[in-house]
S.K.: 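Supplied in structure tokens, the structure appears directly below.
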Amino acid sequence: MFAKNVYSERRKKLVSSLSTGIVFFPGNGNAPMNYTSNVYPWRQDSNFLYFFGLDYTNMAAIIDLDSGTEHLFGNDVNIDDIIWMGPQISTAEKAALCGVENYHPYHEIKELISLAVKSGRKIHFTPPYRAENKILLSTLTGLPVENIKNNASVELIKAIVALRSVKDELEIGEIEKAINTGWNMHTTAMRMAKQGIVEQEIAAAVESIALAAGGMLSFPAIISIRGETLHNHYHGNTLKENDLLLVDTGAETAMHYASDHTRTTPVGGKFTTKQKDIYEAVLETLNTSIHAIKPGVTNYSNHLLAATTLTSRLKDLGLMKGDISSAVEQGAHALFFPHGLGHMMGLDVHDMEDLGEDYVGYDDEIRRSEVFGTSFLRLGRRYEPGFVLTVEPGCYFIPALIDQWQGANKFAEFINYDKINEYRDFGGIRIEDDVLVTRDGYQVLGKPIPKSVAEVEDLASE
Ligand code: GLY
Ligand code: MN
Ligand code: MN
């Protein structure tokens, strides 16, 4: 945890940006895997971590916006719990750690909330993503469970987004710790990219590094020689000479700040000419978009810059043709690059995605595109100092998408289908870095993970 004043300051800022009512923060409980006591890895809710820092199950908190009081709810352990789990700190001690004055047994939430419901006060909560918290909110508020999400407080969502979007030095320090663990994970994976290795052996090595650093993965690892499948979590393929191994993985620190990088490595240590051409196109796209980052620029325009850079390189290679800006405007590049340039990163790898992508990534000025490809961009709005985001362009050859577009003769003025079909087995390349927006530009965070052709080939040949 950070010092308690960090959390009380954050709550003070939250209170000052909200009007009236009570704010309810249900923390997370354990999530059963196959029976109640056999659970998925424990993960606290990120909003709860941001405002209270308490990494314990079955807690909740209330901030009363009108009286200014703060309340923490949790159950102290009994002797049975101590026998199985060892001694635990009390709710009073937890409240002291985050600077909350009032603490109560968990069941007293019911009393406080029903009092607020009876007096018609506004109850602010964020959109719940776990079934248990949807049921809890439904029980407490009397709203049907299927309507809970729609009753989340937009005022609260916007206030949290405003606070969590801008990372302070303590948070940036934590993110850099996660990235340095990520450096270790990625360089290990690149060295392991040898013929005969099975993807799951690399997955095991990568995850063990995150665990050994005191945290866990920031999302299920993508480690695949079929990198054209964007979120490929199958790890059963055996690597062969000249495969491209795409590794998209990151760590969480013990305090749950994330890293998220992608590197693509030639199995055997040497890119073929075809692979090197596409790799350099993606690398140039990455570098161009990183250099464009400074306060005031929109990530939306940076996404289009990435699409333009990639399209122009693909035109040089004979895969695309025609007017580059018309191709990008109409979305023809999305055959190769069907996802967004990146997303916010912090306590969540896709930071604050539980609050709603459009609240985090868009605003009254910058609206989400409806064009296929660009519509998947998670972050569109103007950069501000303190934003931490990923930049992750890619180029993929997805046979099913190629067939669908070619069958419809889609964008025939921009796409050379004959040439593309020479790449049907190519796979995919993505390169991803984590970047801080500074007062006058950007900083690529953490220890640099090798990414030039020469650096990648050197490491993969070790
Ligand atoms: N979780 C994949 C990515 O955003 O990079
Ligand atoms: Mn990633
Ligand atoms: Mn990412």
Side-chain angles (χ1 to χ4, degrees), residues 41 43 46 129 165 167 175-176 178-190 199 202-203 206-207 209-210 215-224 226-235 244-253 256-265 282-283 285-286 289-290 293 299 302-303 306 337-355 357 360-361 373-380 383 387-396 398 427-437 442 444-446 448-451:
R43 180 57 158 82
S46 297
Y129 49 89
S165 293
K167 275 69 182 178
I175 291 170
E176 290 209 287
I179 292 176
N180 290 342
T181 304
W183 179 93
N184 202 355
M185 290 156 68
H186 276 279
T187 52
T188 299
M190 289 160 96
E199 292 158 347
I202 302 175
V206 157
E207 187 158 359
I209 293 168
M216 56 186 194
L217 295 179
S218 54
F219 61 97
I222 298 162
I223 297 177
S224 184
R226 298 277 30 119
E228 75 278 13
T229 300
L230 301 181
H231 281 178
N232 197 338
H233 300 299
Y234 174 73
H235 296 153
L244 280 174
L245 179 71
L246 187 151
V247 176
D248 182 352
T249 189
E252 267 193 14
T253 60
H256 302 289
Y257 283 87
S259 75
D260 181 12
H261 291 86
T262 308
R263 289 295 183 266
T264 309
T265 306
V282 176
L283 185 61
T285 304
L286 174 80
S289 284
I290 288 176
I293 294 175
N299 201 51
N302 206 5
H303 173 85
F337 176 30
H339 62 73
L341 183 61
H343 49 85
M344 295 278 210
M345 195 187 75
L347 273 168
D348 308 294
V349 65
H350 291 175
D351 211 21
M352 302 172 277
E353 206 161 277
D354 62 308
L355 300 178
E357 236 175 65
V360 178
T374 306
S375 60
F376 297 131
L377 179 65
R378 300 180 198 278
L379 172 65
Y383 301 131
F387 282 13
V388 172
L389 53 118
T390 68
V391 184
E392 49 179 306
C395 183
Y396 314 88
I398 305 167
I429 290 176
R430 176 162 67 251
I431 317 174
E432 176 175 23
D433 273 336
D434 302 337
V435 181
L436 166 71
V437 181
Y442 67 90
V444 179
L445 290 172
I449 301 171
K451 63 183 171 192

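One-based numbering, in listed order, for ligands and for the atoms of each. For this chain, numbers begin at 1 and follow the sequence in order.
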S.K.: Return the minimal non-hydrogen interatomic distance between Y129 and D354, and the atom names on each side.
M.R.: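 The answer is CD2-CB, 3.8 Å.
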S.K.: Heavy atoms, side chains only, cut-off 4.5 Å: are E207 and L217 in contact?
M.R.: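 Yes, their side chains come closer than 4.5 Å.
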S.K.: What N/O/S atom of D260 is the closest to the Mn ion (ligand 3)?
M.R.: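 Nearest N/O/S atom: OD2.
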S.K.: Indicate, with yes or no, if the rings of H303 and F376 have centres closer together than 6.0 Å.
M.R.: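 Between H303 and F376, the centre distance exceeds or equals 6.0 Å.
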S.K.: So if I count the atoms of ligand 1 from 1 in the order they appear, which ones are less than 4.0 Å from some heavy atom of E392?
M.R.: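 Counting atoms of ligand 1 from 1, those under 4.0 Å from E392 are 3 (C), 4 (O), 5 (O).
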S.K.: I'd like to know: is the Mn ion (ligand 3) within the 2.8 Å range of an N/O/S atom from H343, strictly under that distance?
M.R.: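 So H343 counts as coordinating the Mn ion (ligand 3), yes.
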S.K.: Can you tell me the N, O or S atom of D248 that's nearest the Mn ion (ligand 2)?
M.R.: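 Nearest to the Mn ion (ligand 2) within D248's N, O and S set: OD1.
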S.K.: State, yes or no, whether a side-chain contact exists between Y234 and R226 at a heavy-atom distance under 4.5 Å.
M.R.: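 A side-chain contact under 4.5 Å is absent here.
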S.K.: Would you say the side chain of F387 lies within less than 4.5 Å of the side chain of N299, judging by non-hydrogen atoms?
M.R.: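 The answer is no; the side chains never approach within 4.5 Å.
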S.K.: Looking only at protein heavy atoms, which one is nearest to atom 2 (C) of ligand 1, and what is the separation?
M.R.: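 Answer for atom 2 (C) of ligand 1: D248 OD2, 3.4 Å.
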S.K.: Of E353, R378, E392, which is the lone residue that meets side-chain hydrogen bond (donor to acceptor under 3.5 Å, both in side chains) with H343?
M.R.: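 Looking at E353, R378, E392, the match for H343 under the side-chain hydrogen bond (donor to acceptor under 3.5 Å, both in side chains) is E392.
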S.K.: For a side-chain hydrogen bond (donor to acceptor under 3.5 Å, both in side chains) with K451, tell me which candidate from D433, T264, T262 qualifies.
M.R.: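 The side-chain hydrogen bond (donor to acceptor under 3.5 Å, both in side chains) with K451 is passed solely by D433 among D433, T264, T262.
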S.K.: Do the side chains of Y257 and L347 get nearer than 4.5 Å, heavy atoms only?
M.R.: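 A side-chain contact under 4.5 Å exists here.
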S.K.: Closest N/O/S atom of E392 to the Mn ion (ligand 3), by atom name?
M.R.: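 Distance check against the Mn ion (ligand 3) picks out OE2 in E392.
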S.K.: Would one find an N or O of R430, backbone or side chain, under 3.5 Å from an N or O of ligand 1?
M.R.: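 Checking ligand 1 against R430, no N or O pair falls under 3.5 Å apart.
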S.K.: What atoms of ligand 1 come within less than 4.0 Å of a heavy atom belonging to H350?
M.R.: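 The atoms of ligand 1 under 4.0 Å from a heavy atom of H350 are 1 (N), 3 (C), 4 (O).
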S.K.: Is E432 close enough to the Mn ion (ligand 2) that one of its N, O or S atoms comes in under 2.8 Å?
M.R.: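 Coordinating: yes.
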S.K.: Within a distance under 4.0 Å of any heavy atom of E432, pick out the atoms of ligand 1 and give their elements.
M.R.: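 Ligand 1 atoms under the 4.0 Å threshold to E432: 5 (O).
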S.K.: Using a heavy-atom cut-off of under 4.0 Å, does the side chain or the backbone of D260 touch ligand 1, or both, or neither?
M.R.: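 Side chain only; the backbone of D260 stays clear of ligand 1.
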